[in-house]
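Only heavy atoms go into these numbers, but all of them, side chains included; no hydrogens, no water, no symmetry mates. Heads up: numbering here begins at 1 and tracks the sequence.
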Amino acid sequence: MSTIQPRWYHAATLVNTTLYITGGTTQTAGKTTILDETLALDLSTAWSIDSPAFSQLAKLPFPVSGHSLSKVQATTQILLAGGESSTVLSSSPILVFDTAAATGAWSAPTLSKNATAGFHRLYHASLTTGKDGTFLQGGYQTLPANHTVVSSLVTLKNTNNFAPLATAPVPLANSAPALARHTMTLTVDGRAIILGGVNSQGVAANLSMAYVMNTQGNIAEWDAVPLNGTAPDPRMAFSAVMVNATTLLVYGGTADLNTAFSSAYYLDLPSWTWSSPAAQGEAPSLFGHTAIMAGTSMVVSFGLSSQGVPPQNNIALLDTGSNTWMTQYRPAGMVDPQAPTTGNGGHLSVGAVLGIGFVVTLAIVGGAFFLLVRRKKRRTRNTLAREYQADQTPRSAIRRQASNGSQGVFGSMATLLGFGSSKGGKGGRGGDKYGDGGANSRYSDMSLHSHPTMITSRMAQMGYSPVSLGYPETVVQHGCGQVPVASYIYPNQACVETEKEVQDGSETMVVYHMLTQAQQEALKLDQQQSLHSSLPTTTATNKSKLFELDH
């Protein structure tokens, strides 16, 4: 069992492969105590939920609970903001910790009293963007017992030494909800989504509606978006994480600060639809906890069970790939140490050898099929291009018709084996994601190879976040841009434009994505890179070639 004491209403954030946890409330000898601890949990190594390898770092200058913890964009720092303390404070705290320092310590930015006057925020929601820094939205203005819930949004930017700002366009967004103990989640395409919480009357919010704001837009406004499917019960003090570019996961929470929920609900963002598939394993009931994603694992930390009792374990794990609650954490790609071994001294069994031989043979035969049907598939695409030359043909229609083209038996088998057009653009091929069997080329004038190491850092200096370009922050952190264009460059951007082009004497149709302002700026930078001067680019700066039927 872990020797780390239970806690709730703490805060957590992920930096690279380390989970950081600060503060929170606990009980010692029947007395409620607010903590000043900083914990770290390495997610690059394996551990069991009954003995996670926590390490203790520098203590906070004072105990704090009901605060937020965020990674400062493009740095190794974490930012603690707001919360309540057992120490008398003139305003809500703002503290910074450098996770890369060998012997780090928490420090408070040097701010004038005028800068922090009136800055009181606790049990709020937060997120971080590169363009506008860290957002703190809603929460209690004073103690929770006073029930004074605010709707305003405060910005903390490292370029402004983290002085609280409430005068920028985003903080002044219209139609902001007045909620506390809610969640605010940033999507890959830069939308902030608010769910749940409690209002000033103490009523838990209904999750049949979300508040959504485009953090990268010129006009800041919260839109009330109705949600489909069977929504979770009204709740507060729950967690919300992005499982992937299009799926948000809500877990736990409470409606009365007494009874905890255990179900996990998935929200499909393209359709705004809830689902709650039956989970395997023992699901804990928790509220006042935190959750982050590590690969496909949702790592849940601490919290309270029903009747205000801490859970048996300080960590819970949900494998979102199989929707299974696990007892062992293993980093992505790690071999399961509990997997059964072969009974022949580590040598492959006869069945394994035959299986490998079958796969290799299948791949060779599939390759031959692919070469035989390539010419026929090309002719099919040319026909489709001529049939669908309308100026505004829906992108989905193009994909559907391309995938349903007559390919014959060999063509169908080649598609099933994953073979498609070898013609690629700058971003590589992402056709299989959309069900066209790789039948069409995908492009991106914003090079995947240059963004993480070159352009993204320059975009950060201009105030844009990686997610505004379609990149998850973790991709940029690890310096790896080798990801499919269709997966990350244009998530959830439905605005397209189609044009006819003549290539080698034949007309074909090309689909362009209309770029956001951040993507337009990145495109300009990318076109300045001499390494990519020989690659095809569009002449316009507000669109990017994304999809083309082979000619």
Side-chain angles (χ1 to χ4, degrees), residues 4 7 9-25 33-42 54-137 139 153-166 168 171 290 292 301 457 460-461 463 465 473 477:
I4 301 296
R7 65 202 63 201
Y9 302 137
H10 52 289
T13 192
L14 182 69
V15 179
N16 295 325
T17 60
T18 302
L19 172 64
Y20 293 90
I21 297 172
T22 55
T25 301
T33 304
I34 297 180
L35 299 169
D36 61 358
E37 293 180 338
T38 303
L39 305 178
L41 180 60
D42 185 3
F54 283 113
S55 59
Q56 300 216 22
L57 305 181
K59 289 185 177 295
L60 300 167
F62 39 76
V64 64
S65 184
H67 56 294
S68 61
L69 191 66
S70 310
K71 180 184 180 296
V72 180
Q73 194 73 27
T75 73
T76 56
Q77 295 177 321
I78 53 178
L79 173 69
L80 183 153
E84 61 178 331
S85 178
S86 55
T87 302
V88 176
L89 302 174
S90 59
S91 63
S92 290
I94 300 175
L95 300 172
V96 178
F97 181 84
D98 190 350
T99 61
T103 56
W106 289 92
S107 62
T110 303
L111 301 171
S112 66
K113 291 185 178 180
N114 292 334
T116 57
F119 173 59
H120 291 277
R121 196 60 61 97
L122 53 153
Y123 299 96
H124 52 279
S126 71
L127 58 78
T128 298
T129 72
K131 180 181 178 182
D132 293 297
T134 297
F135 295 161
L136 311 181
Q137 198 282 331
L153 189 151
V154 174
T155 297
L156 305 176
K157 301 182 68 172
N158 57 342
T159 54
N160 194 44
N161 204 27
F162 304 109
L165 298 175
T290 58
I292 60 95
S301 305
S457 61
Q461 296 174 2
S465 67
E473 184 180 344
Q477 285 177 354

Partner set under side-chain contact (heavy atoms from CB on, under 4.5 Å) for S112, not counting sequence neighbours | N114, A115

Closest non-hydrogen atoms of T75 and K71, given as atom of the first, atom of the second and distance, are O-NZ, 2.9 Å

Residue pairs meeting ring-ring contact (aromatic ring centres under 6.0 Å, His included), one or both in residues 91-117, sequence neighbours left out, come to F97-W106

Do any side-chain atoms of residues 18-25 form donor-acceptor pairs under 3.5 angstrom with protein atoms, and if so which ones, sequence neighbours left out?
{"unit_1": "T22", "atom_1": "OG1", "unit_2": "H67", "atom_2": "NE2", "d": "2.9"}
{"unit_1": "T25", "atom_1": "OG1", "unit_2": "S65", "atom_2": "OG", "d": "2.7"}

Where do A11 and S68 come nearest, in terms of heavy atoms and distance?
-> CB-C, 3.9 Å

Closest non-hydrogen atoms of F119 and L136, given as atom of the first, atom of the second and distance, are CZ-CD1, 3.7 Å

Those residues that, when tested against T290, pass side-chain contact (heavy atoms from CB on, under 4.5 Å) (two or more places apart) = H10, A12, S301

Go through the steps to decide whether Q73 and N158 satisfy the test side-chain contact (heavy atoms from CB on, under 4.5 Å), and finish with yes or no.
-> CA-CA 9 Å; Q73 194 73 27; N158 57 342; over 6 Å; no

Y9: what forms a ring-ring contact (aromatic ring centres under 6.0 Å, His included) with it, not counting sequence neighbours?
-> Y123

One should read off an interatomic distance between E84 CD and H120 NE2, to the nearest 0.5 angstrom, of 13.0 Å

Would a 4.5 Å heavy-atom cut-off, applied to side chains only, mark T13 and I292 as touching?
-> no

What salt bridge (Lys or Arg N to Asp or Glu O under 4.0 Å) pairs are there with at least one residue in residues 72-81, not counting sequence neighbours?
-> none

Pairs touching residues 70-93 that satisfy ring-ring contact (aromatic ring centres under 6.0 Å, His included), sequence neighbours left out | none

Please report the closest heavy-atom contact between T38 and A58, naming both atoms and the distance.
-> OG1-O, 2.9 Å

Mind checking salt bridge (charged side-chain N to carboxylate O under 4.0 Å, His left out) for R7 and listing every partner two or more places apart, or none if nothing turns up?
-> E37

Residues passing the side-chain contact (heavy atoms from CB on, under 4.5 Å) test with P171, sequence neighbours excluded, are L153, T155, A168

With V64, which of S92, S86, P93 fulfils side-chain contact (heavy atoms from CB on, under 4.5 Å)?
-> P93

Side chain to side chain donor-acceptor pair (under 3.5 Å) filter on N160, not counting sequence neighbours, yields none

With sequence neighbours left out, the residues meeting side chain to side chain donor-acceptor pair (under 3.5 Å) with D98 are T76

side-chain contact (heavy atoms from CB on, under 4.5 Å) partner of F162, chosen from T134, V72, T110, T116 = V72

Does any non-hydrogen side-chain atom of N161 lie less than 4.5 Å from one of L111?
-> yes

Among all residues two or more places apart in sequence or in another chain, which pass the side-chain contact (heavy atoms from CB on, under 4.5 Å) test with S107?
-> V96

P164 side chain near L156 side chain, heavy-atom distance below 4.5 Å | yes

Does any N or O in the side chain of K59 come within less than 3.5 Å of the main-chain N or O of P63, such that one atom is a donor and the other an acceptor?
-> no

